[in-house]
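Below: one structure, written as structure tokens.
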Amino acid sequence: MSLSMEEESLLQSLEQQRNWDGLPMCKYQGFWCPIFILRPLLSFQRNFKARDSDIVLASVPKSGTTWLKALLFSIVNRNNFPIDQSPLLTTNSHKLVFSLECFCYTKHDNPDLENVPQPRLFSTHLPLQVLANSLINSKCKIVYICRNPLDQFVSERHFLLKKQRDKPYGEMLPLEEAFELFCNGVHAFGPFCDHLLGYWNASLENPDKVLFLKYEDLKRDPLSDVKKIAEFVGLPFSEEEEKAGLVGEISKLCSFDKLRDLEVNKTGVHAGTVKNKFFYRKGDVGDWVNHLTPEMAERMKEVLEAKLTGSGLVLDI
Ligand SMILES: Nc1ncnc2c1ncn2[C@@H]1O[C@H](COP(=O)(O)OS(=O)(=O)O)[C@@H](OP(=O)(O)O)[C@H]1O
């Protein structure tokens with residue numbers, strides 16, 4: 001759908017810049033919004049009606065979204081499907097948990113979301129400050145995941161390079177230039193520090209509303225985070241479930257190796273354009289050392305110190 005005249009004139013009033021792969025972006029309410037998201041975002045802000053039972057997964061791209069979608073779906077639906085018949089075995093998690101701005105609101109201004117199975121699971125890469133008021137004011141839950149920004153940057157760059165081979169927007173910037181833009185917060189849905197801080201502060205102010213997770217913790221001890229997520233969304237594992245090993249089974253089903261090796265994730269395509277296999281690369285913590293210099297890591301440490309000091313948020317880099 002194209003922009004209305006009003007939206008077009010809003011766009012013309014906004015600062016614009018290209019992402020590292022040439023994708024056009026505009027600065028809307030403090031964040032770098034890919035322009036193709038602007039209309040869906042405005043529709044979402046205007047029309048989304050949250051339910052108290054909704055669960056929304058939020059993240060900066062490449063922070064563990066695909067993984068957390070699989071975990072959340074499995075936790076919430078554990079009484080609907082036995083593990084060996086999970087829809088995840090034949091369907092990519094992006095098709096089981098819909099993105100609000102990249103899917104639900106892309107074709108319709110006011111899509112019918114009434115029939116999404118209860119509790120409705122959605123995802124978003126949007127920063128907290130632009131979420132629909134209805135979502136903020138309801139009792140719905142937000143599960144946020146963040147990641148070491150160096151790993152996230154490397155992951156995003158690889159993803160864009162692969163995507164670009166299929167559908168180029170323009171020239172891909174050299175690594176150093178892309179990194180400098182990233183450090184300055186210029187990337188899709190950035191600045192990442194503001195994104196993190198928005199949800200981090202909300203999780204401190206209202207821990208029943210926002211659960212703040214780290215990719216690295218999830219890697220280190222998935223069982224503990226799976227239990228934490230279940231409790232947070234009001235579906236704690238019973239003693240019997242724990243004894244039966246269900247927490248471990250869900251973690252194993254959603255593990256990187258298991259999901260990457262499924263036929264659907266080796267050959268399928270997401271939203272008609274992105275190959276599912278692009279969502280599974282290495283799934284490692286600390287892979288940035290193979291791609292970035294110690295000087296780049298130092299630069300990132302300075303950025304984090306300047307932005308996060310005093311917030312209580314510490315990222316392991
Ligand atoms: N199950 C599981 N376990 C651990 N890690 C996983 C898993 N699934 C995907 N990944 C890794 O997550 C990175 C992709 O991030 P996102 O899923 O947030 O991407 S997206 O925003 O949805 O496009 C990307 O990280 P990198 O490998 O570092 O590129 C994926 O490989």
Side-chain angles (χ1 to χ4, degrees), residues 19-21 23 34 37 56-75 86 88-89 91-103 121-127 143-164 166-167 182 187-190 192 195-196 199 213-223 225-226 229 248-262 264-266 268-271 273-292 316-317:
N19 199 12
W20 332 324
D21 60 342
L23 179 76
I37 295 294
V56 179
L57 187 172
S59 60
V60 177
K62 307 300 153 201
S63 302
T65 321
T66 314
W67 187 14
L68 190 55
K69 281 187 182 192
L71 287 169
L72 202 52
F73 178 86
S74 302
I75 292 167
S86 168
L88 278 168
L89 297 168
T91 312
N92 180 266
S93 61
H94 289 289
K95 282 210 178 98
L96 297 171
V97 180
F98 296 141
S99 161
L100 287 162
E101 71 281 3
C102 297
F103 182 81
L121 306 180
F122 296 109
S123 74
T124 185
H125 288 318
L126 296 170
V143 183
Y144 187 78
I145 187 158
C146 78
R147 188 179 190 187
N148 171 351
L150 296 172
D151 282 339
Q152 187 209 324
F153 169 78
V154 167
S155 180
E156 177 75 338
R157 187 172 156 82
H158 277 91
F159 180 78
L160 295 181
L161 281 167
K162 285 184 218 157
K163 226 171 83 172
Q164 233 219 3
D166 291 347
K167 190 179 174 218
F182 182 64
H187 59 99
F189 302 97
F192 62 88
H195 204 288
L196 292 166
Y199 287 97
L213 301 172
K214 293 181 181 170
Y215 181 96
E216 294 74 22
D217 293 342
L218 198 50
K219 270 301 249 199
R220 204 175 302 125
D221 186 359
L223 301 194
D225 270 356
V226 166
I229 296 166
E249 281 186 42
I250 288 178
S251 307
K252 229 188 275 168
L253 170 70
C254 300
S255 68
F256 179 80
D257 289 346
K258 175 76 185 175
L259 293 181
R260 180 203 48 195
D261 292 343
L262 293 171
V264 62
N265 293 329
K266 287 199 279 193
V269 176
H270 175 63
T273 51
V274 185
K275 293 180 178 128
N276 288 344
K277 65 179 178 190
F278 292 176
F279 294 110
Y280 307 88
R281 189 182 63 94
K282 276 190 161 177
D284 281 346
V285 170
D287 180 49
W288 66 265
V289 291
N290 299 313
H291 304 276
L292 306 178
D316 331 321
I317 77 164

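Counting convention: from 1, in listed order, for ligands and their atoms alike. All values derive from a computational prediction rather than experimental measurement.
For ligand 1, one of its N or O atoms has an N or O atom of Gly283 under 3.5 Å away. For ligand 1, none of its N or O atoms has an N or O atom of Asp284 under 3.5 Å away. Of the polar atoms of Pro61, none of the N or O atoms is found under 3.5 Å from an N or O of ligand 1, judged by distance alone. Looking at Thr65 next to ligand 1, an N or O pair under 3.5 Å apart turns up. Below 3.5 Å of separation, one finds no N or O of Val60 facing any N or O of ligand 1. Backbone and side-chain nitrogen or oxygen atoms of Arg147 are examined, and one is located within less than 3.5 angstrom of a nitrogen or oxygen of ligand 1.
Nearest protein heavy-atom neighbour of atom 20 (S) of ligand 1: Lys62 NZ, 3.5 Å. Given atom 31 (O) of ligand 1, the protein heavy atom at minimum distance is Arg281 N, 2.9 Å. Nearest protein neighbour of atom 6 (C) of ligand 1, counting heavy atoms only, is Phe256 CD1, 3.6 Å. The protein non-hydrogen atom at the shortest distance from atom 24 (C) of ligand 1 is Ser155 OG, 3.5 Å. In terms of protein heavy-atom proximity, atom 3 (N) of ligand 1 is nearest to Trp67 CD2, 3.2 Å. The closest protein non-hydrogen atom to atom 1 (N) of ligand 1 is Cys254 O, 2.9 Å.
Rounding to the nearest 0.5 angstrom, the gap separating the CZ atom in Phe278 from the CG atom in Leu161 is 10.5 Å.
Side-chain contact between Arg157 and Phe182 is absent, with no heavy-atom pair separated by less than 4.5 Å.
At a heavy-atom cutoff of 4.0 Å, ligand 1 is contacted by no atom of His158, backbone or side chain. Contacts with ligand 1 closer than 4.0 Å are made by no heavy atom of Ser59, backbone or side chain. Counting heavy atoms closer than 4.0 Å to ligand 1, residue Phe279 contributes atoms from both its backbone and its side chain. Proximity of Arg260 to ligand 1, defined as any heavy-atom pair under 4.0 Å, is not found for any part of the residue. If you look at Glu156 next to ligand 1, there are no close heavy atoms at all, none under 4.0 Å.
Heavy-atom contacts from other residues, nucleotides or ligands closer than 6.0 Å to NZ of Lys252 number 12 or fewer. Residue Lys277 places its NZ atom among 12 or fewer non-hydrogen atoms of other residues, nucleotides or ligands, all under 6.0 Å distant.
Heavy atoms of Tyr215 approach ligand 1 to within less than 4.0 angstrom.
By the ring pair (Phe, Tyr, Trp, His ring centres under 6.0 Å) test, His125 pairs with Phe189, sequence neighbours left out. Among residues two or more places apart in sequence or in another chain, the side-chain hydrogen bond (donor to acceptor under 3.5 Å, both in side chains) test is passed with Asp287 by Arg281, Lys282, Asn290, His291.
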(Q) Could you go through Phe153 and Phe192, starting from their C-alpha distance and side-chain angles, then the distance that decides it, and tell me whether this counts as ring pair (Phe, Tyr, Trp, His ring centres under 6.0 Å)? (A) CA-CA 10 Å; Phe153 169 78; Phe192 62 88; 9.5 Å; no
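Using cut-offs of 30° and 60° on the angle between ring planes, the pair Phe103 and Phe98 is parallel. Ring planes of Phe279 and His270: perpendicular class, angle over 60° (limits at 30 and 60°).
Counting the atoms of ligand 1 from 1 in the order shown, those under 4.0 Å from a heavy atom of Gly64 are 15 (O), 16 (P), 17 (O), 18 (O). Of all atoms in ligand 1, numbered sequentially from 1 with element shown, those under 4.0 Å from a heavy atom of Thr66 are 16 (P), 17 (O), 19 (O), 22 (O). Near His94, the atoms of ligand 1 lying under 4.0 angstrom from a non-hydrogen atom of the residue are 22 (O). In the vicinity of Ser255, heavy-atom distances shorter than 4.0 Å reach the ligand 1 atoms 1 (N). Taking a cut-off of under 4.0 Å to the non-hydrogen atoms of Tyr280, the atoms of ligand 1 that pass are 8 (N), 9 (C), 31 (O). Close approach of ligand 1 to His125 is summarised as follows: ligand atoms under 4.0 Å from at least one heavy atom of the residue are 21 (O).
A donor-acceptor contact shorter than 3.5 Å links the side chain of Asp151 to the backbone of Trp288. The closest donor-acceptor contact from the side chain of Arg147 to the backbone of Lys62 lies under 3.5 Å.
Side-chain polar atoms of Thr66 and His94 form a donor-acceptor pair below 3.5 angstrom.
Applying side chain to side chain donor-acceptor pair (under 3.5 Å) to Lys69 and the options Ser123, Ser93, Ser59 leaves one that passes, Ser123.
Across Lys95 and Val269, no two heavy atoms sit closer than the pair NZ-O, 3.3 Å.
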